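This report concerns only the one structure given below.
Values in this document were obtained by computation on a predicted structure and should not be read as measured data.
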Amino acid sequence: MSHRRRILVVQHRKGDEPVKLVVPINGDSTVDALAREIARRVGGEVKLHIGDGFELHPQDGVDIILDSDVVIARSRQEESDGDLHAHMSKSQVLGSPTLIESRSKQQYHGRDGFQIRLVTAELARKHAKEALKETSEPSNGVLAFDGEFVSGNTTISALRQEAAEVFGWGFSKSFEESPCCHIKRTTCSCAVAHEVGLLGLSSILHCRFTIDGTRCNNDDCLFSHVPIPFDDKLAPHCSICDDALAFPCPTCLEIVETFGMQPHDVVDCAIVKNAGCGHMHHDHCLGEKRDVSAVCPSGCPSSTVHREAVPFGQEVPSITVIWDGDKIEHVPVPPEFTGIAGQMLYLNTEFVINLVGEYLRAKSVDLSELSLRIHARDPQTETVRFVWSTLVSVCSEGIHSNEGYRRFPFSVAESPSSSSISTIENSRPYEIDFHTSSLPVVVCGCSTLKDVFLREENSSGDNITLTLYVVKRSRGEAVAPVSNIPVSMQSSFQSEAAWQPSIHQTQRGMAALLSSLLVLSQMVRKKGTESENKLLAVLYSFTRFPPAVRALELLLLNVVPQPQEKAALSEALFHSLKDFTSTAASAFIENQSRRFETVRILLGHFLSVSDGVQSAAARPIEAVSLECALSSKRLVDPVMLEPFGVVERSSGKLYDIGGPLCRGINEVDEQPIVDLVGDGVQLHQVLAQTRECDVTEARLLCLHKIGNIARPIDLGSAGRNFPDVIRQANETDLISRGPLELKNTSIVPPQVVLDNEGFLAVFTGRGCGTARDVNFYRPTGGGDTEVDVNDVEYALQKVIPARKAEDTWVVDCYGGIPAKIRAPDEVRKIPLHVIHQH
């Protein structure tokens, strides 16, 4: 818990004596919370300053207020009559070509402050024009919060509000008023459940040296020492190896002989007792036969006795529940269903589901998207039989749809809050996304700067400047959170709000963008990594917007981009087209909503330029696993656990000394769980910045791995002769095809083609001899469509004249525009003698 502070406040009232207050408040609170507490005490809204005139912003944390500071509280009405600081419109700085200077010379009084530089795709493109030969990141961003350092307690929601005001996007209270809507993560408990089912919990292991309840002489022994009733009817040896139970198993005896040890030196060789019959065996011997059958190795009839290890120290029968990936808990069976201790129990499936469901509901677990597997269920009788314990596992629905065993949903109603949340979220006209140079920041608005942008240990106490790339993303219908559920890659190119740039484009333009990207990604991918890297270098050189480069790389890797990534690529291409199409038809220049209708030409230019790029050998993308190596759950607090690798701390503790899956002191290293350092710090950063993204792997863009263009030419210069760049584009894989050309079997998919509406589409394959002989993928027309090329050609004859009339047909016409006939350098008259023959 945070410490409590007592802050001295002096309230100034016009014409009255100042009033002194001592206000207690939590140390991690914001200035806004302090102002509300003061207003509650004195009545009326107040604005706060420190005694020397330094203004406190609502998003700041109270940690910037020193113990020696006196906070001045003035009513907002008095402040409006005479402001302490002159106001300057932040939108005036948008066109500044260099790093904006702080408009307030006041300094952040606290520690661990953040200065935020915001860079849009437009500003990044401006930097690309002014620094053609450089490869540096843009330095012409706008400083948020008037350039002041703000507290690490500032929320992402407050930063979004600031970005909206800075860039003139319209201040929206919805960023502040929208409730938190945290993602529901999919969890799978199968990995841990498999381990428990195969080896059992550590509670089934008993020390082989004593069975009378006394502790053995080995201080390192981790096994149970509860008394085991002696039964002279049972053999005092392991029926698997025929050795005495007090002696180690054969495997451990080999170790004794190899290293010259004594049998009593082997501590980690435990014994296991079978429920029902009471036979005991070496745990290691039993381990070698676990997959053979489910009967007692001593030959007991399976009809009356099955294999089930006794959990020593457990007093009542229970159901072992594995849930949330790595949580192991025991649900006692109600006494009225247990009968006599040690006798076989028979529970039906419905009873088990209800019992486990009630237990999890009592823990406030939302069961609406969870399902249950009863591992020892008899599918014929729909019952499970056991003496002391049986195993069930709880996982998210939908991730085990193709498994060979049955899973049961919990009977619960749908969460009532889900619909209301989506309604509130959809009421917001746009979203503001932040990206680092490596990956998008996908977190809830309630997250704070200090929680999202973690500091290195040696930088604690220092104020830092952080560069964030910002994108205004259009919001359409609610988009499901990114998850591990497979999605058709082709559906990534379906027209949706996230693909729209800040100035919405026509349907023709969106069809051109998505069709071109689909063909581009598939054709370049076929050419290999070197071609991919060259294209990425060109895109970065012309845009200097890392989020766009990362989005294109994901498409090249056949990975479905997130909405934030789609918007970043779209916005960067839009601002590139503003320079590239300066000499295009007036219809494209005068109407910015038609810029994307020429995007095929821009991407074709990128392909042409990429041939002269010095490509880096390695991909500029680094994959980082976000999944626990043990439980497969999403990492939150990762640690290193040998030999498994990076695991969630809670999962690692299962194998730690005394943990439920620990099988002896020799199987645990001296430091079983090790905190991550070095590269592990990067993993913590990635996890902090992707909290609301339910994926198992993050892909980080490494700018230093992107190649360079030897002789870069600015897009404005390259597009001065627009007919030439059209011809250039039609010499690449992005040549546009006419419908009748597809009858030529030498033309293989994918190809850019025009559909019956005159929109660009993708030729994806040929039919099976029917009249509708080819397949088109239409990004704005419903996706996959079977068409007759003759019908398409006929429909286009009604579209082409209108396009020619407005001089826009040239960007889409089949094969591009014909080459111009060059005028001769000189003219010579050559006399010809004509001989007439009779």
Side-chain angles (χ1 to χ4, degrees), residues 121-122 125 128 474 492-496 498-524 535-536 538-539 542-543 545 548-549 551-552 555-556 561 565-585 587-589 591-610 715-716 718-719 722-737 750-755 757-762 777-780 803 808-813 816-817:
E122 183 177 11
R125 170 63 197 146
S474 300
S492 300
F493 300 93
Q494 194 72 21
S495 182
E496 61 171 288
W499 278 117
Q500 284 281 6
S502 52
I503 296 181
H504 279 215
Q505 300 296 293
T506 62
Q507 271 198 313
R508 180 185 174 189
M510 295 309 297
L513 171 72
L514 297 170
S515 296
S516 301
L517 284 177
L518 176 54
V519 174
L520 176 80
S521 59
Q522 291 191 13
M523 297 302 287
V524 174
L535 180 62
L536 297 176
V538 171
L539 180 63
F542 289 140
T543 66
F545 203 58
V549 179
L552 181 57
L555 293 177
L556 294 174
E565 293 156 340
K566 296 176 181 178
L569 178 56
S570 174
E571 189 73 6
L573 292 175
F574 173 77
H575 288 290
S576 297
L577 279 168
K578 289 169 66 176
D579 293 324
F580 185 67
T581 57
S582 58
T583 63
F588 300 133
I589 299 174
N591 187 351
Q592 291 203 59
S593 64
R594 298 189 66 177
R595 293 283 185 182
F596 272 2
E597 295 178 25
T598 65
V599 72
R600 180 183 70 90
I601 312 304
L602 175 67
L603 294 175
H605 177 68
F606 287 174
L607 284 176
S608 298
V609 175
S610 65
L715 285 176
F722 205 64
D724 278 351
V725 293
I726 294 177
R727 295 188 190 93
Q728 187 183 58
N730 282 307
E731 293 173 358
T732 70
D733 292 323
L734 291 183
I735 181 175
S736 63
R737 301 287 185 181
Q751 297 282 338
V752 176
V753 68
L754 267 73
D755 66 10
E757 295 182 73
F759 294 168
L760 291 188
V762 180
Y777 180 77
R778 304 172 66 205
T780 59
R803 297 274 176 89
T808 65
W809 172 241
V810 291
V811 297
D812 294 331
C813 66
I817 56 180

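When atom types are taken as modelled, the side chain of Thr598 and the backbone of Ile601 share no donor-acceptor pair closer than 3.5 angstrom. Between the Ser521 side chain and the Leu518 main chain, a donor and an acceptor come within less than 3.5 Å of each other. Of the possible polar contacts, one joining the Ser736 side chain to the Cys813 backbone as a donor-acceptor pair under 3.5 Å is found. Between the side chain of Asn591 and the main chain of Ala587, no donor-acceptor pair closer than 3.5 Å is present. Proximity of a side-chain donor or acceptor of Thr780 to a complementary backbone N or O of Ser495 within less than 3.5 Å is not detected. Remark: side-chain polar atoms of Glu571 are not paired, donor with acceptor, to backbone N or O of Lys566 under 3.5 angstrom. The main-chain N or O of Gly758 is found under 3.5 Å from a side-chain atom of Arg803 such that the two form a donor-acceptor pair. Here the side chain of Arg125 pairs a donor or acceptor atom with the backbone of Phe542 at under 3.5 angstrom. The main-chain N or O of His575 is never found under 3.5 Å from a side-chain atom of Glu122 such that the two would form a donor-acceptor pair. In this structure, the side chain of Thr732 does not engage the main chain of Leu607 through any donor-acceptor pair within 3.5 Å.
For the side chain to side chain contact (heavy atoms under 4.5 Å, CB included) criterion with Leu602, the lone passing option out of Asp579, Leu573, Val725, Leu513 is Leu573.
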Full working for side-chain contact (heavy atoms from CB on, under 4.5 Å) between Leu539 and Phe545:
CA-CA 9 Å; Leu539 180 63; Phe545 203 58; over 6 Å; no
Determine whether Phe493 and Leu555 satisfy the following criterion, side-chain contact (heavy atoms from CB on, under 4.5 Å), listing intermediate values before the conclusion.
CA-CA 10 Å; Phe493 300 93; Leu555 293 177; 3.7 Å; yes
Go through Asp733 and Val524 one step at a time and tell me if the side-chain contact (heavy atoms from CB on, under 4.5 Å) criterion holds.
CA-CA 9 Å; Asp733 292 323; Val524 174; 5.6 Å; no
Verdict with reasoning, Arg600 to Val519, per side-chain contact (heavy atoms from CB on, under 4.5 Å)
CA-CA 10 Å; Arg600 180 183 70 90; Val519 174; over 6 Å; no
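Rounded to the nearest 0.5 Å, atoms CD (Gln592) and NE2 (His504) are 13.5 Å apart. Summarising the geometry, atom CZ belonging to Arg594 is positioned 5.0 Å from atom OG1 belonging to Thr808; distances are rounded to the nearest 0.5 Å. For the atom pair CG of Leu556 and CE of Met523, the computed distance is 13.0 Å after rounding to the nearest 0.5 Å.
Residue Val752 comes nearest to Leu734 through the heavy atom pair CG2-CD2, 4.2 Å, listed as atom of the first residue, atom of the second, then distance. Of all heavy-atom pairs spanning Asp724 and Arg727, the tightest one is OD1-NH1, 2.7 Å. When all heavy atoms are compared, the tightest approach of Leu514 to Gln494 is CD1-C, 3.8 Å. The shortest heavy-atom contact between Arg508 and Phe759 is CB-CE2, 3.5 Å. Annotation for Ala729 and Gly604: closest pair CB-CA, 4.0 Å, computed over non-hydrogen atoms. Summarising the geometry of Ser515 relative to Ala761, their closest heavy-atom pair is OG-CA, 3.3 Å, with the distance given to 0.1 Å.
Annotation: side chain of Val811 is in contact with side chain of Phe722 (closest heavy-atom distance under 4.5 Å). Glu597 places none of its side-chain heavy atoms less than 4.5 Å from the side chain of Asp812. Looking only at side-chain heavy atoms (C-beta outward), Ser516 and Leu760 come within less than 4.5 Å of each other. Put simply, the side chain of Val549 does not reach to within 4.5 Å of the side chain of Leu552, judged on heavy atoms. The side-chain heavy atoms of Val762 and Val753, taken from C-beta on, include no pair separated by under 4.5 Å.
Side chains of Ser570 and Gln500: no donor on one and acceptor on the other come within 3.5 Å. Side chains of Ser608 and Glu731: a donor-acceptor N/O pair is absent below 3.5 angstrom, by distance only.
Using a 30° and 60° split on the angle between ring planes, Phe574 and Phe596 fall in the perpendicular class, above 60°.
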